[in-house]
Protein chains: 2
Amino acid sequence: MKRPDMSDPAPRAGLAPTGATPRRGRPRGGSGLTREKVLQTALTLVDRDGTEALSMRKLATVLGVDAMSLYHHVANKDAVLDGVAELFLAAIEPPGPTGDWREDVRALAAAFRHAAVQHPRAAPLVLTRQLKSNQGLAGTESALAILHAAGFPPEEAVHALRSVLAFLVGTLLREVSSGPTFSGQNLGGLAGRRADLKDSGFPHVAWAAPHLAACHHLTEFNFGLELLVAALEQRLSPRRAPSPRAGPRTRKAR
Amino acid sequence: MKRPDMSDPAPRAGLAPTGATPRRGRPRGGSGLTREKVLQTALTLVDRDGTEALSMRKLATVLGVDAMSLYHHVANKDAVLDGVAELFLAAIEPPGPTGDWREDVRALAAAFRHAAVQHPRAAPLVLTRQLKSNQGLAGTESALAILHAAGFPPEEAVHALRSVLAFLVGTLLREVSSGPTFSGQNLGGLAGRRADLKDSGFPHVAWAAPHLAACHHLTEFNFGLELLVAALEQRLSPRRAPSPRAGPRTRKAR
DNA sequence: GACGTAATTCTACGCTGTAGGTATTGTCAA
DNA sequence: TTGACAATACCTACAGCGTAGAATTACGTC
């Protein structure tokens, strides 16, 4: 416990895919518990009951193990949550380049959203805590490759990446926090909410009440993303009208 | 406790500014504890130690009171956090209209950011949980008034509002979560981080390493906001070149 | 069999949110 | 003045939490 790291013989970053016997010839001193099993079970538990309901004791019970046994595979509860977040990120597979950087941006954003919608209760772990792992770097690499191919200089590419990422975090946080939905549209008292907004005493809120009462998350996602893509496109070629053809400096790299 | 609401004789939304004796002639059955005192103390406590360090017992101790006494003024701990979030929102004063909707959007966003930077540890309460209070409606009203004056139809105004808000949530969450900063720039191992990124094995990460290693939050904030403003402007007048003059249908309402 | 070692379990501590009960206090009706 | 009533506060207690530290178990190697 003094040195929570380095109980693993392979200190390379990242996580081994399977098995990973902790040491060469000592596979089962106990019940075959592994870091991967712990984190995978934690993910399913978070998916079912939410982040706040996760406790080391419950996790251990599900694994058929004493709570303290977990601490031989993870440093503490925070490390479990970090591990779940990494598991989440690892499930994202960045799509390949299409030649149109706008399409590539859309596809990468969609992949991110897909993962969040797939694990709505685990998503806040990734969206709200800053991760220390290298797992996030893969996504960063994909995004920067797209922006580089589009012709952005490195500084602007980083700014663009951070802008889009901030938007993604915000929208997805809203989407996964808005409880269970049906066909992307919030149910339950929609008409009542519209009436409340109309009577709120705020004139512009009343003016937009029909559209404020509901929130179709995919539509909002696409709207904001298209705003950012359009603005980036405009920034790339400030003089030209936006045409569906390739941008000016495309295919500069690859 | 069965009916946690309506212990207040004035069920109008919002919170009375001061005093607010719960009933006409029964001001002090005990130590003069009030909901406002509880929430204000909770805010200062959160500002000092963070959200996770807040407990009902510590809060009560600071107030010189037993923990259970708090439950006569708030329903439970979650209500305390909601109240702190409302206090946070109430501190935002939306700037008045300037006649240029782009300036108004910038000013409103800046006011939001100002509040977040002022209370970095309380900000996640507002950014991550969806609020049920009417307090947030004031900000919504301001934003919609700006977008309405700019000439957006209601549906598009809501989309625009949600896009900008999502971006704000994302950036500010990043800014307040990135620990203490000095002059907006992260200190501590900056050179080391740049070296790590260069050696990460990801070519584009290495390409942009100098700009990835640091994060000047205000610059990122302005960059993304300008992207969105430019895109909205383009959307308002798709045919015209963006001119510094007023937009097309300005001064339609006030 | 003996030993070293890693994995696991057991025990315990201080902390949490809050349900339930009781005591104190201020206001009003009689 | 007195009794009823409601609001406020405190006390006790419970189930649960993360995890430090000691004890136990099970294995591979002599």
Side-chain angles (χ1 to χ4, degrees), chain A residues 1-10 19-38 41-42 45-46 49-84, chain B residues 1-10 19-38 41-42 45-46 49-84:
Chain A
M1 199 60 65
K2 269 64 181 293
R3 300 174 297 127
D5 49 344
M6 298 302 148
S7 78
D8 197 314
T21 57
R23 203 137 218 161
R24 185 165 48 80
R26 207 161 307 142
R28 39 182 43 255
S31 64
L33 203 58
T34 65
R35 180 182 141 91
E36 280 69 35
K37 275 189 199 171
V38 171
T41 306
L45 226 55
V46 167
D49 303 329
T51 316
E52 308 194 342
L54 182 73
S55 80
M56 298 299 273
R57 286 172 151 99
K58 286 181 195 167
L59 180 52
T61 300
V62 170
L63 284 162
V65 137
D66 185 89
M68 294 312 290
S69 300
L70 303 176
Y71 287 85
H72 277 259
H73 304 274
V74 294
N76 50 34
K77 186 183 180 182
D78 229 52
V80 173
L81 296 178
D82 280 345
V84 171
Chain B
M1 200 60 66
K2 269 64 183 292
R3 298 174 299 126
D5 50 343
M6 298 304 148
S7 78
D8 196 315
T21 57
R23 203 135 218 162
R24 185 165 48 80
R26 207 161 308 142
R28 39 180 43 255
S31 65
L33 202 60
T34 65
R35 180 182 141 91
E36 279 69 35
K37 276 189 199 170
V38 171
T41 307
L45 226 56
V46 167
D49 303 329
T51 316
E52 307 195 341
L54 181 73
S55 80
M56 300 298 274
R57 287 172 150 99
K58 287 182 195 166
L59 180 52
T61 300
V62 170
L63 284 161
V65 135
D66 185 89
M68 295 312 290
S69 301
L70 303 176
Y71 287 86
H72 279 257
H73 304 273
V74 294
N76 49 36
K77 187 184 180 182
D78 229 53
V80 173
L81 296 178
D82 280 345
V84 171

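Worth knowing before you read on, the calculation uses all heavy atoms, side chains too, and leaves out hydrogens, waters and symmetry mates. Note that the structure is predicted; figures quoted are calculated from it, not measured. Here is how names work: the chains are called A, B, and so on, in the same order as the sequence lines, proteins then strands, and each is numbered from 1.
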Quiz item: Rounded to whole angstrom units, what separation is found between the NZ atom of B/K77 and the P atom of D/dC17?
Solution: 15 Å

Quiz item: What residues form a side chain to side chain contact (heavy atoms under 4.5 Å, CB included) with B/T51, not counting sequence neighbours?
Solution: B/V46, B/L81, B/L125

Quiz prompt | Under 3.5 Å donor-acceptor pair, A/R57 side-chain atoms to D/dG18 base atoms | solution = yes

Quiz item: From the list D/dT12, D/dC17, D/dT19, which nucleotide is the closest neighbour of the side chain of A/N76?
Solution: D/dT19

Quiz item: If you take atom types as modelled and just measure distance, does the side chain of B/H72 reach the base of D/dA9 with a donor-acceptor pair under 3.5 Å?
Solution: yes

Quiz item: In whole Å, what is the span from the CG atom of B/D66 to the P atom of D/dT8?
Solution: 15 Å

Quiz item: D/dC10 phosphate, OP1 or OP2: any side-chain N/O from B/S69 under 4.0 angstrom?
Solution: yes

Practice problem: Can you run down the salt bridge (Lys or Arg N to Asp or Glu O under 4.0 Å) pairs that involve residues 60-84 of chain A, sequence neighbours left out, and say none if there aren't any? | Solution: A/D78-A/R129, A/D82-A/R129, A/D82-A/K132

Quiz item: In whole Å, what is the span from the CG atom of A/L81 to the C1' atom of D/dG18?
Solution: 12 Å

Quiz prompt | For atom NE2 of B/H73 and atom P of C/dT18, their distance in whole Å | solution = 16 Å

Quiz item: side chain to side chain contact (heavy atoms under 4.5 Å, CB included) with B/M56: which of B/T61, B/V74, B/N76?
Solution: B/V74

Quiz prompt | Rounded interatomic separation in angstrom, taking CG from A/L63 and C1' from C/dA7 | solution = 14 Å

Exercise. Send over the distance from B/E52 CD to C/dG17 P, rounded to a whole Å.
Key: 12 Å

Quiz item: Could you go step by step and tell me if B/D49 and B/L54 meet the side-chain contact (heavy atoms from CB on, under 4.5 Å) rule?
Solution: CA-CA 7 Å; B/D49 303 329; B/L54 181 73; over 6 Å; no

Quiz item: Between atom CG in B/L70 and atom P in D/dC11, what is the gap in whole Å?
Solution: 14 Å

Quiz item: Taking CE from B/M56 and C1' from C/dC15, how many angstroms apart are they, rounded to a whole number?
Solution: 15 Å

